[in-house]
Structures are given as C-alpha cells and as structure tokens.
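Lettering follows sequence order; numbering is per chain, from 1. What you are looking at is a predicted structure, and each value in this text was computed from that prediction instead of being measured.
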There are 2 protein chains.
Amino acid sequence: MPRIRLTVEYDGTGYAGWQRQENAVSVQQRLEEALGRLLDADVRVTGASRTDAGVHALGQVVHFDTASRIPPEKYAYALNTMLPDDIRVRASMAAADDFHARFDARGKIYRYMMFNSPHASALLRHSHAHVMYPLDAERMNEEARAVIGTHDFQAFAASGSVAKDTVRTIHDCRVVRAGDEVMLLVRGSGFLYNMVRILAGTVIQVGSGKLEKGAIDRALAGRSRLSLGVTAPPHGLTLMRVFYPDDEDEAQPCFDKILRRFHAWT
Amino acid sequence: MPRIRLTVEYDGTGYAGWQRQENAVSVQQRLEEALGRLLDADVRVTGASRTDAGVHALGQVVHFDTASRIPPEKYAYALNTMLPDDIRVRASMAAADDFHARFDARGKIYRYMMFNSPHASALLRHSHAHVMYPLDAERMNEEARAVIGTHDFQAFAASGSVAKDTVRTIHDCRVVRAGDEVMLLVRGSGFLYNMVRILAGTVIQVGSGKLEKGAIDRALAGRSRLSLGVTAPPHGLTLMRVFYPDDEDEAQPCFDKILRRFHAWT
C-alpha cells in the first residue's frame, strides 16, 4: 500500500505525549482517529519522535500506509478539518514504500525556551519555562558547547531510559538571549530519553550559578547523572525538525536560521 | 489613601475582556478578587484600556487606592501568588494621588499578529490570526501608513462606539513580515473602539488583494466604514504599552525596539 509522510505540529499542553497509551489522550491517538474517520479504516501511524507529555512539536514526522487514492498533498487539508485545533498537519507527501519516520531519521533539532524574569509570563506560560533567578546566557552558552561532538551520553539518560547504546553525536548547541527570553538550540544525530531537558536543566543551573561550570564535562567523563542539573519542565521543549537522507544537508542552515530569527537585535 | 499603579499582562483567551460585567468573567474581576483577598477589603481598579474579549495585554496599566502599608513594589509578588496563571502583574509602584490610568494616558502601542500560511498554526492559535491567502506585507505596509497623522477616524469607529470626538493622532504604523508571521504595529494618542482590529482587517484585505489599495485614504476622506475591511478577530491583538507624561519620550524608541526584535533577518 502506498506510504504517506506527514509533517505535524502540535501544542503538547493538552496531551500525555505523542505515544498512544491507556487512560490518557495522546497526539498519536487523535491523529489516528482523524485518519480513521477520513479513510473509514483503522490506520496506525509511526512518528519520528515519541515526545513526552507537555512537549511541543513544530516538525514531527509521521508515516502511515493506505490504499486510499486521495492525492498525497491533500491529506494535510483533509486532516486539518478533522483534527482538534492544537494539532495541525503542516504538509503531506508521498513517501517511498520503505520510508520509516523513526529509523530513517538522520538528525533532529530541539529548542528549549526559557522566560527569565522575576515574574512569570501569562502569554508564554505554555511555551517557556519560567526561571526567576538571573541567568547568564553567555555562561550557559559556554557550558552548552561541551555537548558538541560524539560522546557517550549515558549521564544524560533519564532513569527509565532503555537505550543500551548511549553514544550520540551533537552537531551544534547554542544558548542565546533576546530580552527576557533565553533559547537553547541543539542539533544532533539522535537523543536519549529526556536528554534535552536534562541538558536544559543543567545549563539553567550553571547559568544561575547554582551548579559549577564544567558540569557537562564532568558528567561526560564520569558518565554520572549526578554531575548534571535537574530535568527541566517539558513545556519549554519543542521538536523543531527531523532530518532524513533527502534533506540532511539543510540541517545546519536550518539551525542557523532559527538562531538568526531569534537573536534579533545585537 | 495612597494610590498604587500596576503593569498587568494577560492572556485574553479565557476572558470576556478587561471590564467587569455580569454573566461573564473579566480580567478586572479576577484582579479585584485577588486584591480583595490580599487586602481583606473591597478594592476597585481602573484600567488604562478596556480591552475586548479575547484581546491580550502585555502592558495594561491599572491604578487603585488602598490604606494598606504593603510596600508598593511588593504588590506584584503578592498578587501573582493569588492570580490565575493567565494574568500576571509585571510591576507595581507608588503613584501620585491624582494619577489616572486612563485619563493620564498620552499614547498606546498595539500589535496585531497574523500567521500567514495555508494551514493554521497549532502553537500560535491563541495569539495570531490565521490568514490562509498570501499576504503582500509591503503593500500592507504602504496601506497602513495612510493612518499616520491627525485624522477624524470616524470610519474606524465600530458600530456601538460612543465616542463623539473621533479625531486621533497616529504617530507611527508599520506592517512587517518575518517568515510566516506578519505584524502590524501602531502607536497613537488614543484609539476608538475596535479601531486597531478594523485597521488590521483592512490591511489584511488589501494585502490579499481583496480590497483595493487606498481604502484607508478613501475611508478617512469619506468618513465611511464601508470603505474599510472587516474587523479582524480579537486574539491577534495585544495592548503592548501605555505611555504617560513621565515616560512618553520612550514611546518611539519602544515602537522601534518592538520592530527590530520582530523583523529579525533581512
């Protein structure tokens, strides 16, 4: 059966994560329900990343198979009429029969947003983690650079993580400030469970002086979770984009563009 | 009794507007309830702008009187522990006994945000008006400039408006694009009921080619609402800041800074 690839955006606030589960509503469930109504068939989807409860996505990638002859580009329009407004299909296209949203992924970009001010933000409360103590974004940026390269990220694997191979390559990682907002942006070959949130929590605590600089280097050397900071809350995290063999040369330009857009004035 | 001035931020999504009303919850009601609990007294507040249902604020200004001896700067912290998380006091300070949040205002900046893409945004659904047809932001900017100056804005007064004097001065008005987002930013001495939303709706329809260029000039000359576009939805609108005699020289720099932050890359 023909395979279709979707790019999906969602606000993670109202969901227990991407992955279908009992006793809680997931993004996957709502997407499969919409596809089921559209195609009058039971359709299962595979997502590139199983984002956690509260985590957002701008560029989740999904594949599914269907015998339907709806033109591939039309799925986005059709599904959006059937999905709740906190899930949007941004694009749909035909995929090779052996395309796999998760296994074919060559890299991902994640963004972690912080709102750094004595008082929390009302308007940004679902998209930014509030940090009330002053953050030194330059110190955070220096600390964050320590993850760049190929390392055994065992220390960053949350308890409950099942990965046996914990080696990953981080291609780039930056922390930048624009006004009261601080952004952590990271691009890597792959990420362990909660890895970006642990990285964010670590740079936040280094940035506020609560944790000494060099925490990441110590954690990588000793492979110990205890050298790092707390796991930052999920709502600051957004899966920005997933790259595949056909577009992985866009990865660094994409990373740079997100940085430029954010770090507006100098 | 001493007078206190607050700067208040709110997400207008869950409210029937700023102003207290029967049968619907307003921002004013929640703020007065929080003050009432804090001060164990019945406190009425006066806001600079009576924003409509669904309209947001980053810089609403409020005054109230109290015999309490809580230090003025502490109200922000105390109230934020008692307010729902979609209303935040950003700052609090002592005000002159005759300070009036509404009558002393010398000018305001409003922002209208549009998300211009075939598909709506999930993450921006509460903060941006979705416009699915392509917008020519340069044409919108040229059109928007026609409001600059001192004019009789009678055509922009929504039906239901009670203002008899409809002359206002618009100091600056710009439309800029950054990716799929388009921002209308306007600074003026004051605004009539729904004026910015009617302006936004007009530039949107000019930008999509639905309305001919020069609509604003025609409307100002003929004083006719019919020359203009539809009233744009409330959720794209944010009251950014209100200026008073003590800070009105910051108004144009503030306007320019918002523009710079947004119009990130060129």
Side-chain angles (χ1 to χ4, degrees), chain A residues 6-15 27 30 56-60 73 75-81 83-92 111 113 115 117-127 130 132 178-181 235 238-240 256-266, chain B residues 6-15 27 30 56-60 73 75-81 83-92 111 113 115 117-127 130 132 178-181 235 238-240 256-266:
Chain A
L6 307 176
T7 303
V8 185
E9 172 195 5
Y10 48 86
D11 178 339
T13 306
Y15 297 97
V27 179
R30 288 293 185 240
H56 314 298
L58 272 168
Q60 169 72 288
E73 314 72 44
Y75 279 94
Y77 295 90
L79 288 168
N80 285 335
T81 67
L83 286 162
D85 64 3
D86 54 0
I87 302 173
R88 291 287 97 176
V89 179
R90 301 227 63 78
S92 55
R111 175 186 74 188
M113 297 302 298
F115 183 73
S117 176
H119 304 290
S121 165
L123 287 161
L124 304 177
R125 69 193 184 284
H126 294 314
S127 60
H130 176 225
M132 74 179 70
D180 292 337
E181 296 181 70
H235 66 281
T238 300
L239 171 63
M240 299 294 281
D256 292 338
K257 177 169 155 174
I258 296 166
L259 267 187
R260 266 200 320 275
R261 272 291 308 271
F262 178 76
H263 193 60
W265 40 215
T266 33
Chain B
L6 307 176
T7 302
V8 184
E9 173 197 2
Y10 49 85
D11 178 337
T13 305
Y15 297 97
V27 179
R30 288 293 184 240
H56 315 297
L58 273 168
Q60 170 71 290
E73 315 72 44
Y75 279 95
Y77 295 90
L79 287 168
N80 285 335
T81 67
L83 285 162
D85 63 3
D86 52 3
I87 302 173
R88 291 288 96 177
V89 179
R90 301 228 62 79
S92 55
R111 174 187 74 189
M113 297 301 299
F115 183 71
S117 176
H119 304 291
S121 165
L123 287 162
L124 304 177
R125 69 194 184 284
H126 294 313
S127 60
H130 176 226
M132 72 180 70
D180 291 337
E181 295 180 69
H235 66 281
T238 300
L239 170 63
M240 298 295 281
D256 293 337
K257 178 168 155 173
I258 297 167
L259 267 186
R260 267 200 319 276
R261 272 292 309 271
F262 179 75
H263 193 59
W265 39 215
T266 30

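- The nearest pair of heavy atoms linking Ser121(B) to Glu9(A) is OG-OE2, 2.9 Å.
- If you measure heavy-atom distances from Asp85(B) to chain A, the contacts under 4.5 Å come from both the backbone and the side chain.
- Taking both residues in full, the closest heavy atoms of Tyr10(A) and Ala122(B) are given as CA-CB, 4.1 Å, listed atom of the first, atom of the second, then distance.
- Both the backbone and the side chain of Arg90(A) come within contact range of chain B, judged by heavy atoms closer than 4.5 Å.
- Contacts between Leu123(A) and chain B at a heavy-atom distance below 4.5 Å involve backbone atoms as well as side-chain atoms.
- Only the side chain of Asn80(A) has a heavy atom closer than 4.5 Å to any heavy atom of chain B.
- Between chain A and the residues His56(B), Arg125(B), Arg88(B), the largest count of heavy-atom pairs under 4.5 Å involves Arg125(B).
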